[in-house]
A.B. asks: 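Here it is, the structure in full.
All heavy atoms count here, side chains included; hydrogens, waters and symmetry mates do not. In listed order, ligands and their atoms are each counted from 1.
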Amino acid sequence: MSFQIVGTGRSTPALVLTNDMISQIVDTDDEWITSRTGIKSRFISTDETVEDLATEATKRALESAGIDGHEIDLIICSSFHGEYLSPSLSCLIQRNIGASCPAFDINAACTGFVYGLDVADAYFSSGKAETILVIAAEVMTRHIDWSDRSTCVLFGDGAGAVVLKKGKGLKSIKITAKGDDNLLTIGSVFCESPFAKQPKIDPNFRMQGSEVFKFAVTSIIKDVKSVMKEAGITASDVKMLVPHQANSRFFQIVMDKLGFKEDQVALGIDHYGNTSSASIPLMLDELMEEGKLSSGDIIVLTAFGGGLTSGACVIEI
Ligand code: ACO
């Protein structure tokens, strides 16, 4: 299929918030958070904006690919939203890196990075692009209710980016959606209007955790099986499974059902928490930096989240 990953980059805020620090804010403790989620700490943005994080991750990805901003043909950015609804985050990144190509944002919640890769695949396949930047940048900690212990312990902030070039690395990809405004929501904030009669929607992140947990496990198993089958591989061919980092308890279930060994599953939730769509590219860059992936390795990416959405793909590095 259509592309090769030629560069990766990431950026996280300076502040590290530990579980003990959160237990000063809400009634929780390190033991509960660690045993139920696998999270020990997360990066929290203070003065860093989502644009700052996205731009820094992008500049690092460009540096690792050895190319300049003006060589990019398309910028796709996944985010719940940037500082502005308009201009889009991708347009601000375009300006900040000196690019002049088209740029747009997508929102598929935590699955946004895999959705971005799928859109990139279509652009490469149609011959419309030779080099594409896919970024995922999230400041989830600005969307949560810091008095709700069931959600505020879960999230962290960060951004990850990849530079893609036309190539044969992508072996298979699949994305799904199943509309639902019950299990996981973040309401939009609108201006006051003398005419508006619509009910106000809660702008805080709300989730029915155990239902989303079931959706996540089912989706990962179904999607990963499907993309591995299409690519003609089994778990033993895979160097690393890189799942969306939402709860480390998923990984044990998934490993057993899909036949992956512990050292094949990338685990960063302990220090990132759930960074929504940024979690996969954050992990990818970390794995590359640590020398855990090299040319010819097969990776499987899998994500799920609000929407409800899910997606997976098989890529040869
Ligand atoms: N500290 C201490 N106790 C807590 C906390 C906390 N932080 N949070 C909840 N509890 C309590 C609850 O009040 C409840 O107490 P009770 O039994 O007395 O009522 C008990 O712990 C169990 O609560 P549950 O919600 O049932 O806990 P569960 O084991 O399901 O874990 C969790 C919750 C971690 C949220 C889990 O359901 C989960 O990971 N779900 C999936 C989340 C996910 O994957 N999201 C991905 C999408 S995110 C996106 O798209 C942006």
A.B. asks: Between Thr275 and Gln245, does any side-chain donor sit less than 3.5 Å from a side-chain acceptor?
C.D. replies: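 Note: Thr275 and Gln245 side chains miss the donor-acceptor criterion.
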
A.B. asks: At less than 4.0 angstrom from any non-hydrogen atom of Thr37, what atoms of ligand 1 do you find?
C.D. replies: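 Answer for ligand 1: 34 (C).
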
A.B. asks: Would you say the side chains of Asp29 and Ser23 form a donor-acceptor pair under 3.5 Å?
C.D. replies: no

A.B. asks: For atom 43 (C) of ligand 1, what is the closest protein heavy atom, and at what distance to 0.1 Å?
C.D. replies: Val212 CG1, 3.7 Å

A.B. asks: Glu51 and Arg95: salt bridge (Lys or Arg N to Asp or Glu O under 4.0 Å), yes or no, with the steps?
C.D. replies: CA-CA 11 Å; Glu51 177 189 340; Arg95 173 194 64 188; 3.1 Å; yes

A.B. asks: Please classify the Leu184 to ligand 1 contact at 4.0 Å (heavy-atom distances, strictly less than): side chain, backbone, both or neither.
C.D. replies: side chain

A.B. asks: State whether a side-chain donor-acceptor pair under 3.5 Å links Thr302 with Asp223.
C.D. replies: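 There is no such pair between these side chains.
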
A.B. asks: Is the backbone of Gly306 close enough, under 3.5 Å, to the side chain of Thr309 for a donor and an acceptor to pair up by distance?
C.D. replies: yes

A.B. asks: What I want to find out is whether Arg60 reaches Glu56 closely enough, with some N-O distance under 4.0 Å, to be called a salt bridge.
C.D. replies: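 The answer is yes: the pair qualifies as a salt bridge.
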
A.B. asks: Are there protein heavy-atom neighbours of atom 31 (O) of ligand 1 below 4.0 Å?
C.D. replies: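 When distances to the protein are checked, atom 31 (O) of ligand 1 has a heavy atom within 4.0 Å.
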
A.B. asks: Look up atom 34 (C) of ligand 1 and tell me if a protein heavy atom lies less than 4.0 Å from it?
C.D. replies: yes

A.B. asks: Can you check which of Trp32, Phe213, Phe205 brings a heavy atom nearest to atom 20 (C) of ligand 1?
C.D. replies: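 Comparing heavy atoms across Trp32, Phe213, Phe205, the nearest one to atom 20 (C) of ligand 1 lies in Trp32.
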
A.B. asks: Does Leu241 form a side-chain contact (heavy atoms from CB on, under 4.5 Å) with Val254? I'd like the steps, not just the answer.
C.D. replies: CA-CA 10 Å; Leu241 175 72; Val254 165; 4.2 Å; yes

A.B. asks: Check Asn274 against ligand 1 and report side chain, backbone, both or neither, counting heavy atoms closer than 4.0 Å.
C.D. replies: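 It is the side chain that gets close, since no backbone atom is under 4.0 Å.
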
A.B. asks: Strictly inside 4.0 angstrom of atom 10 (N) of ligand 1, do you find any protein heavy atom?
C.D. replies: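 Yes, there is one.
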
A.B. asks: Quick one: does atom 1 (N) of ligand 1 have a protein heavy atom under 4.0 Å from it?
C.D. replies: yes

A.B. asks: Is it the case that Asp180 and Asn182 place a side-chain donor and acceptor less than 3.5 Å from each other?
C.D. replies: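 Per modelled atom types, Asp180 and Asn182 side chains form no pair under 3.5 Å.
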
A.B. asks: Could you tell me, atom by atom, which parts of ligand 1 come under 4.0 Å of a heavy atom of Thr28?
C.D. replies: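 This gives 1 (N), 2 (C), 6 (C), 7 (N) as the contact atoms.
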
A.B. asks: In the protein, which heavy atom is nearest to atom 44 (O) of ligand 1, and how far is it?
C.D. replies: Phe250 CZ, 3.2 Å

A.B. asks: Is a side-chain N or O of Arg10 found less than 3.5 angstrom from the main chain of Ala278, in a donor-acceptor match?
C.D. replies: no

A.B. asks: For ligand 1, find out whether one of its N or O atoms is nearer than 3.5 Å to an N or O atom of Gly209.
C.D. replies: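 N/O-N/O distance below 3.5 Å exists for this pair.
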
A.B. asks: When only distance counts, is Arg36 in polar contact with ligand 1, meaning an N/O pair under 3.5 Å?
C.D. replies: yes

A.B. asks: Among all protein non-hydrogen atoms, which one is nearest to atom 39 (O) of ligand 1, and what is the separation to 0.1 Å?
C.D. replies: Asn247 ND2, 2.7 Å

A.B. asks: For Ser150, take its heavy atoms, then give the atoms of ligand 1 lying under 4.0 Å from any of them.
C.D. replies: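 So the answer, numbered in order with elements, is 8 (N).
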
A.B. asks: Using a strict cut-off of 4.0 Å, indicate which atoms of ligand 1 neighbour a heavy atom of Gly306.
C.D. replies: 50 (O)

A.B. asks: Does atom 17 (O) of ligand 1 have any protein heavy atom closer than 4.0 Å?
C.D. replies: no

A.B. asks: Quick one: look up the protein heavy atom nearest atom 45 (N) of ligand 1 and list residue, atom name and how far away it is.
C.D. replies: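 Among all protein heavy atoms, the one nearest atom 45 (N) of ligand 1 is Met207 SD, 3.5 Å.
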
A.B. asks: Answer with yes or no whether Ile33 contacts ligand 1, where contact means a heavy atom under 4.0 Å from a ligand atom.
C.D. replies: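 In this structure, Ile33 fails to qualify as a contact of ligand 1 - no heavy atom is under 4.0 Å.
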
A.B. asks: For Lys171 and Lys168, work out which heavy atoms get closest and say how close.
C.D. replies: NZ-O, 2.9 Å

A.B. asks: Need the ligand 1 atom indices (1-based, order shown) with element for anything under 4.0 Å from a heavy-atom of Val153.
C.D. replies: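 Counting from 1, the qualifying ligand atoms are 7 (N).
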
A.B. asks: Output yes when a side-chain donor or acceptor of Asn19 lies under 3.5 Å from a complementary backbone atom of Ile33, and no otherwise.
C.D. replies: no

A.B. asks: Under 3.5 Å, side chain of Asn247 to main-chain N/O of Arg36, donor-acceptor pair present?
C.D. replies: yes

A.B. asks: Regarding atom 12 (C) of ligand 1: of the candidates His244, Met140, Arg149, which has the closest heavy atom?
C.D. replies: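 Answer by nearest heavy atom: Arg149.
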
A.B. asks: Is the distance between the ring centroids of Phe205 and Phe80 less than 6.0 Å?
C.D. replies: no

A.B. asks: At a 4.0 Å threshold, what atoms of ligand 1 neighbour a non-hydrogen atom of Gly305?
C.D. replies: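 Close to Gly305: 50 (O).
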
A.B. asks: Quick check on atom 25 (O) of ligand 1 - does any protein heavy atom sit closer than 4.0 Å to it?
C.D. replies: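 So atom 25 (O) of ligand 1 lacks protein heavy-atom neighbours under 4.0 Å.
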
A.B. asks: Could you tell me the residue and atom name of the protein heavy atom closest to atom 50 (O) of ligand 1, and the distance to it rounded to 0.1 Å?
C.D. replies: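 I find the closest protein heavy atom is Cys110 SG, 2.6 Å.
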
A.B. asks: Measure the distances from the heavy atoms of Phe215 to every atom of ligand 1 and state whether one is below 4.0 angstrom.
C.D. replies: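 Flag not set, Phe215 not near ligand 1.
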
A.B. asks: Evaluate the ring planes of His143 and His81, with Trp represented by its six-membered ring, and classify them as parallel (under 30°), tilted (30 to 60°) or perpendicular (over 60°).
C.D. replies: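 Rings of His143 and His81: perpendicular, over 60°.
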
A.B. asks: Starting from atom 46 (C) of ligand 1, what is the nearest protein heavy atom, named by residue and atom, and what distance separates them?
C.D. replies: Phe304 CE1, 3.7 Å

A.B. asks: Quick one: do Lys40 and Asp30 make a salt bridge, cutoff under 4.0 Å?
C.D. replies: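 Between Asp30 and Lys40 there is a salt bridge, with a charged N closer than 4.0 Å to a carboxylate O.
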
